[in-house]
2 protein chains.
Amino acid sequence: MKTWISIPDPSDFTIYNIPFGIYSTPSTKPRVCIAIGNQILDLTIARKLGVFKGLKIKKSVFKNNFLNDFIALGKEKTNTVREIIQKELCDENSVFKKSKNLFHLQSEVQMHLPIAIGDYTDFYSSIEHATNVGMMFRDPDNALLPNWKHLPVGYHGRASSIVVSGENIHRPMGQVQPPNSDAPVFKASCRVDFELEMGFIIGQNTSLGTKINTADAENYIFGKVLFNDWSARDIQKWEYVPLGPFLAKNFGSSMSPWVVTLEALEPFRIKGPEQNPKVLPYLEYDGLKNYDINLEVAIEPKDKSETIVSHSNFKYMYWNMSQQLAHHTSNGCNVKIGDLMASGTISGKESNSFGSMLELAWGGQKPITLNDGEKRTFIEDFDTVIMRGFCEKDGIRVGFGEVKSQLLPAL
Amino acid sequence: MKTWISIPDPSDFTIYNIPFGIYSTPSTKPRVCIAIGNQILDLTIARKLGVFKGLKIKKSVFKNNFLNDFIALGKEKTNTVREIIQKELCDENSVFKKSKNLFHLQSEVQMHLPIAIGDYTDFYSSIEHATNVGMMFRDPDNALLPNWKHLPVGYHGRASSIVVSGENIHRPMGQVQPPNSDAPVFKASCRVDFELEMGFIIGQNTSLGTKINTADAENYIFGKVLFNDWSARDIQKWEYVPLGPFLAKNFGSSMSPWVVTLEALEPFRIKGPEQNPKVLPYLEYDGLKNYDINLEVAIEPKDKSETIVSHSNFKYMYWNMSQQLAHHTSNGCNVKIGDLMASGTISGKESNSFGSMLELAWGGQKPITLNDGEKRTFIEDFDTVIMRGFCEKDGIRVGFGEVKSQLLPAL
């Protein structure tokens, strides 16, 4: 595909991508848009130009605070919208060329949380991450709990506190147990961490009692986002038995503004890791269900330059999204358009590919050194954490942009 | 207060109650209503009669699938609505007396899930329940984990699978680990249980970073419901480490159709249990924050009469709602109108006051006998579970009606 629009090189937002988001300007209320190069393209205006005419999409679908109504059109229509935009952006005679207000510079618009998230589920599907945490928190010789290789462990998280990239997060207060003490104290967490994750957005409703099988699962996934599941390790350690993490996680999670469709990720499918022992039949799958997505995390201290502290990849996931969704619905649990399912921290095998400070600095024992010589075991006030992700193959690049947020002091 | 309307004795829905819900009929789309005696009163019609004139409430607030927009009016207005209804129902010259279609028999309308639930949090705040479970699942001598008396343990649950009383639930399939086996199998749960809970509905939004203190907490609570947190104990046992229960819970939870306001419960405040050790300052509270609400659970096998298997009371809660909400927001987690926070299973001290079959039949060891001689350790296919709750004091009764659902076979 060759577009007439000018796209910087490299760009996450090539003609092959066309991710969806929600933007506004001081004079325009939130609307659905796509990203192309360093610009956004307003779908309300595109609709007015008549390019989606045959699809009979109501104006309110695009003049909207969220993508949910757009996603609810179904993959057939949303994929057609994406293909029409690609076609117009490659057509030298396109109506897009003459339209005013169709494009804005990304630097001049405000991006919003793209999805009204119903339920948010967080999995724990990186074997390297689960092993690292098990070694530190439990038993180095039996790091993985007995269920881990039999099912994609997951739990429910808090949807209300998910914010878009650019919104900053305050260091949480909470109960922590000081060393050598029986009684907890209430104080600001001193082990605030990021978790490098990706999330997928549910694209179709199911009714209670319906199971989704691994062969169909991707039909229920609209697209993917970058996700920073901020965590307070000291709060987590004290509170998490027996019902799991709660306040250690729900003080805020950060999501990228762009949702990259599964269709855009199609060329980057890759084989998943071998699963041994063999999984139960309802978790078996055929074909390539992992995705080769390069991931990186940078820390940028206040008024200093960033240091990339982790290089990871979504392909490391032991449990793929289809297995996660098949498991999640194996008991009949229903899913809804706009539900978010996150991967859990994505760590690779090498120590520079771990997806959290807990692992990178090994529970505080091995501080990492930033470019300017500062040391970090966890995230400090006014540090900005930036996560990026992109696929690249045969000269085609499809990326997620970034999810970026600063840790502000405790309130 | 003396009403001109005929109310059976006893009734949960006396003139002192006025709980809110959503009803429809074959010819009327969902609307906000209140319960009085064995009738419902349609607030759309009441509005048309002009009784809420001064409040300037839009028609769409009452012609609505959910109570959320009504709750969003704020306690001052919603309490005024409740008081106006009480006044009219006591006024012999009320316009309510002459209106057609204002009242319907409850037996002739369909009740709906009253709330669009954003996030659902489940606490674990009954010390008797936590102790019983700890004795069975972990260590009888150290039944309570070290954090239990220092904070109201809670976790996030699934909102999408919460259904209204009357909707039936299928026995879930899931992974369970057979005794003396290393490998799990995928099968229908054979330990399906109820959990006798109550939930409260958030009535005011907060922004991320805001803490609610115990003195203010009740201003953020619109009202309460009965809640059956269906659980599959065999699935739970295998999956719940280290991140908490997931598929063992999210196959369905049942909620009563009526939301009883905190204001209706005001006369039934009662002192809570002593908390020892002393709680941290942010969890301290003044005044009477527990509520004396009689609770019971009945099992009704197919084509047989019911047996009441548990008599419990909400007053047993170790952690009260104000403490739960103060804890939940102590890290800055935001809450939204329509969020549901449930108590966790409410067990008393006596063995006939336990709030789950797990406890009543002590993990299967002590089957309970129903009226007709049948034995139960857990819930069997086609059993209906019915939970009821009411307050009674000085001749005043305020109740919740019931939450009732049948367990259907696995799909």
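Just so it is clear: chains get the letters A, B, ... in the order the sequence lines come, proteins before strands, and each one is counted from 1.
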Contacts of D141(B) that satisfy side-chain hydrogen bond (donor to acceptor under 3.5 Å, both in side chains) - sequence neighbours left out = none
Is [X] in contact with chain B via its backbone, its side chain, both, or neither, using a 4.5 Å heavy-atom distance?
X	result
T210(A)	neither
L408(A)	neither
F251(A)	both

Under 4.5 Å from any heavy atom of chain A - which part of [X]:
X	value
S207(B)	neither
L247(B)	both
L145(B)	side chain
K211(B)	side chain
D182(B)	backbone
H150(B)	both
R138(B)	side chain
L208(B)	side chain

task = Look at the aromatic rings of F246(A) and H156(B) and report parallel, tilted or perpendicular, splitting at 30° and 60°.
result = tilted
Using a 3.5 Å distance criterion without hydrogens, assess whether the side chain of [X] forms a donor-acceptor pair with backbone atoms of [Y].
X	Y	answer
D119(A)	A159(B)	yes
W148(B)	A143(B)	no
S254(A)	S165(A)	no

note = Residue from A248(A), S189(A), P146(A), P281(A) scoring the most non-hydrogen pairs under 4.5 Å with chain B is P146(A)
query = So which of G174(A), G154(A), A116(A) has the largest heavy-atom pair count under 4.5 angstrom toward chain B?
reply = G154(A)
inquiry  = Sort by residue number and list every residue of residues 229-241 of chain A having at least one heavy atom under 4.5 Å from chain B.
reply    = W238(A), E239(A), Y240(A), V241(A)
task = Name, in order of residue number, those residues of residues 126-135 of chain A that have a heavy atom at a distance of less than 4.5 Å from a heavy atom in chain B; otherwise write 'none'.
result = none
Looking only at side-chain N and O atoms, does [Y] offer a donor or acceptor that is under 3.5 Å from a partner on [X]?
X	Y	value
S356(B)	T345(B)	no
Q175(A)	Y282(B)	yes
S160(A)	N334(B)	yes

ask   = Counting only heavy atoms not in K278(A), do more than 12 sit closer than 6.0 Å to its NZ atom?
value = no
So which heavy atom on [X] is nearest to which on [Y], and how close?
X	Y	answer
S322(B)	A217(B)	CA-CB, 3.6 Å
R171(B)	A188(B)	CD-CB, 4.0 Å
S330(A)	H327(A)	OG-O, 2.7 Å

inquiry  = Is the shortest side-chain heavy-atom distance between P184(A) and N147(B) below 4.5 Å?
reply    = no
inquiry  = Any heavy-atom pair between the side chains of L243(A) and P245(B) that's under 4.5 Å?
reply    = yes
request  = Among A410(B), P242(B), G332(B), single out the residue with the greatest number of heavy-atom pairs under 4.5 Å to chain A.
outcome  = P242(B)
remark   = Sorted by chain and residue number, the salt bridge (charged side-chain N to carboxylate O under 4.0 Å, His left out) partners of R191(A) (sequence neighbours excluded) come out as none
key: Intermediate values then yes/no, side chain to side chain contact (heavy atoms under 4.5 Å, CB included), F222(B) and I115(B)   = CA-CA 11 Å; F222(B) 175 72; I115(B) 305 288; 5.6 Å; no
